[in-house]
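Nothing here was measured: the structure is a model prediction, and the numbers come from that model.
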Amino acid sequence: MTGPRSSGPALAVVGATGAVGSVLLQILSQRADVWGDIRLIASPRSAGRVLAVRGEETEVIALTEDAFDGFGRGDIVLFLTPAEVSARWAPVVTARGAVVVDQSAAFREDPEVPLVVPEVNGHAVRIRPRGIVAGPDCVTAAMIATLGALHAEYGLADLAVSSYQAASAAGRAGSEALRRQLSLVAGSTLGEQTGDVRRAVGEDTGPFAAPLALNVVPWSGELREGGWSSHELAVRAETRRILGLESLPIAVTCVQVPVVTGHSLTARARFEREVDAGHAREILEAAPGVVLVDDPEAGEFPTPADAAGTDPAWVGRVRGSLDDSRSLEFFVCADNLRKGAALNATQISELIAGEFA
């Protein structure tokens, strides 16, 4: 590839016009610029749009084989697309010698594709037999840096988590559905009688299984055996892979909440030896990608409203279990579009780019 920025590897962003793509373009303009040319790719209906990246106007091109012309060894193609799109086009890219970084679920269970959160297992990007590196689900990404730091010190033995997931995890459709529902219930006395919220919202609940405004929805994903959701099982499997704990007992409950941006989780983590909550706070204060906010007496603890638009995972309410000296309980939240997707993908891409510097 040619151009005024050809000193670094080329980067293509597939899905550049989506919710995560928009955030990723902002991140590229905020971080150290390691890239040569940046190519923006999206579905044919979005082709021709002009987006800003690194302070320059760049035209979006349609996703075709020609979109990857000029890409080869040392270049990176980042997919922010549904799994079926990534599965179709990633082999086209790797056949040209470029590396794929994929944020979908297409390759997360593939043993020949490393699943990476750089703060925890960044070394894994170097071993990629298929030329692909995957990023985890946004819920896993929100909590894993915290768990990784504690596991390194105490040895994680058992985990139970409940997620409180933001609407934007379902993309722009999720955010728009929540805002529409909120407008329908604003200023009302709804929520006091059975069915009144459902009647106000109507049958169109968007990508959610029930109305999200004035409500929480204990479901995310598709039904799997035993009443588990596909999303819950994915968080379980991804946590095991990233931490290298293939048989770690994990229970996950995924809940959608009426928050636009920022996933939150409560966790009860049991370790191989006794845990001191004070020392655990010191570990978390020093952990990369983690910010500790933990002074309940002063009303200081993390909330998704504080985490939105920021890079780290925010952790607080750190306390030893009342019933088990080896267990720790805490609350963590993170911007699901940034650390949950766009930032993590950017960090992975930068690690790979460093191999060719």
Side-chain angles (χ1 to χ4, degrees), residues 15-27 42-43 45-46 49-52 60 80-82 103-104 137-139 141-142 162-223 229-232 235 253-266 299 301-311 313-314 331-343:
T17 59
V20 176
S22 298
V23 174
L24 186 133
L25 298 188
Q26 297 172 16
I27 290 171
S43 64
R45 68 177 180 273
S46 296
R49 290 181 57 182
V50 176
L51 302 176
V60 177
L80 306 174
T81 56
Q103 269 301 128
S104 81
D137 177 86
C138 49
V139 173
S162 292
S163 69
Y164 310 98
Q165 296 171 210
S168 58
R172 288 201 173 97
S175 299
E176 291 170 359
L178 175 58
R179 295 187 191 282
R180 180 184 65 82
Q181 293 178 25
L182 290 172
S183 70
L184 293 172
V185 302
S188 73
T189 58
L190 294 169
E192 298 177 352
Q193 301 293 328
T194 300
D196 60 357
V197 172
R198 286 185 181 271
R199 287 190 293 271
V201 169
E203 294 184 2
D204 182 10
T205 58
F208 311 112
L212 195 57
L214 303 181
N215 203 19
V216 298
V217 182
W219 189 258
S220 177
E222 306 297 328
L223 180 63
S229 79
S230 58
H231 201 174
E232 290 162 344
V235 172
T253 300
C254 288
V255 181
Q256 301 272 184
V257 297
V259 170
V260 175
T261 302
H263 286 345
S264 304
L265 301 99
T266 56
F301 33 73
T303 74
D306 301 314
T310 71
D311 289 344
W314 297 69
F331 180 86
V332 60
C333 54
D335 186 318
N336 53 292
L337 299 179
R338 290 184 73 89
K339 186 52 189 169
L343 176 63

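Atom CG of Asp137 is separated from atom OG of Ser220 by 7.5 Å, given to the nearest 0.5 angstrom. Between atom CZ of residue Arg199 and atom OG1 of residue Thr194 there is a gap of 8.5 Å, rounded to the nearest 0.5 Å.
Pairs passing the side-chain hydrogen bond (donor to acceptor under 3.5 Å, both in side chains) check and including a residue from residues 167-184, sequence neighbours excluded, read Ser22-Arg172, Ser168-Asn336.
Here the side chain of Gln103 pairs no donor or acceptor atom with the backbone of Leu80 at under 3.5 angstrom. At distances below 3.5 Å, not a single donor-acceptor pair connects side-chain atoms of Ser230 with backbone N or O atoms of Gly221.
Annotation for Gly309 and Asp335: closest pair N-OD2, 2.6 Å, computed over non-hydrogen atoms. Shown here for Ala166 and Gln256, the closest heavy-atom pair between the two residues is O-NE2, 3.8 Å. Across every non-hydrogen atom of Ala16 and Leu51, the tightest pair is O-CD1, 3.8 Å. Scanning all heavy atoms of the two residues, the minimum distance from Val139 to His263 falls at CG2-CD2, 3.7 Å. In terms of heavy-atom proximity, Cys138 sits nearest to Ala169 at SG-CB, 4.1 Å. Nearest heavy-atom pair, Ala342 versus Val23, reported as atom, atom and distance to 0.1 Å: CB-CG1, 4.0 Å.
Partners of Asp196 under the side-chain hydrogen bond (donor to acceptor under 3.5 Å, both in side chains) rule, at least two apart in sequence or in another chain, do not exist in this structure. Ser264 is linked by a side-chain hydrogen bond (donor to acceptor under 3.5 Å, both in side chains) to nothing, counting only residues two or more places apart in sequence or in another chain. Under the side-chain hydrogen bond (donor to acceptor under 3.5 Å, both in side chains) criterion, Thr266 pairs with Tyr164, sequence neighbours left out. For Ser43, the side-chain hydrogen bond (donor to acceptor under 3.5 Å, both in side chains) criterion is met by no residue, not counting sequence neighbours.
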TODO: Step by step, work out the side-chain contact (heavy atoms from CB on, under 4.5 Å) result for Cys254 and Gln165.
DONE: CA-CA 7 Å; Cys254 288; Gln165 296 171 210; 3.1 Å; yes

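Contact annotation: the side chain of Asp311 never approaches that of Lys339 to less than 4.5 Å [non-hydrogen atoms, C-beta and beyond].
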In residues 201-218, what donor-acceptor pairs under 3.5 Å come from side-chain atoms, sequence neighbours left out?
residue, atom, partner, partner atom, Å
Asp204, OD1, Gly206, N, 3.1
Thr205, OG1, Phe208, O, 2.7
Asn215, ND2, Pro211, O, 2.8

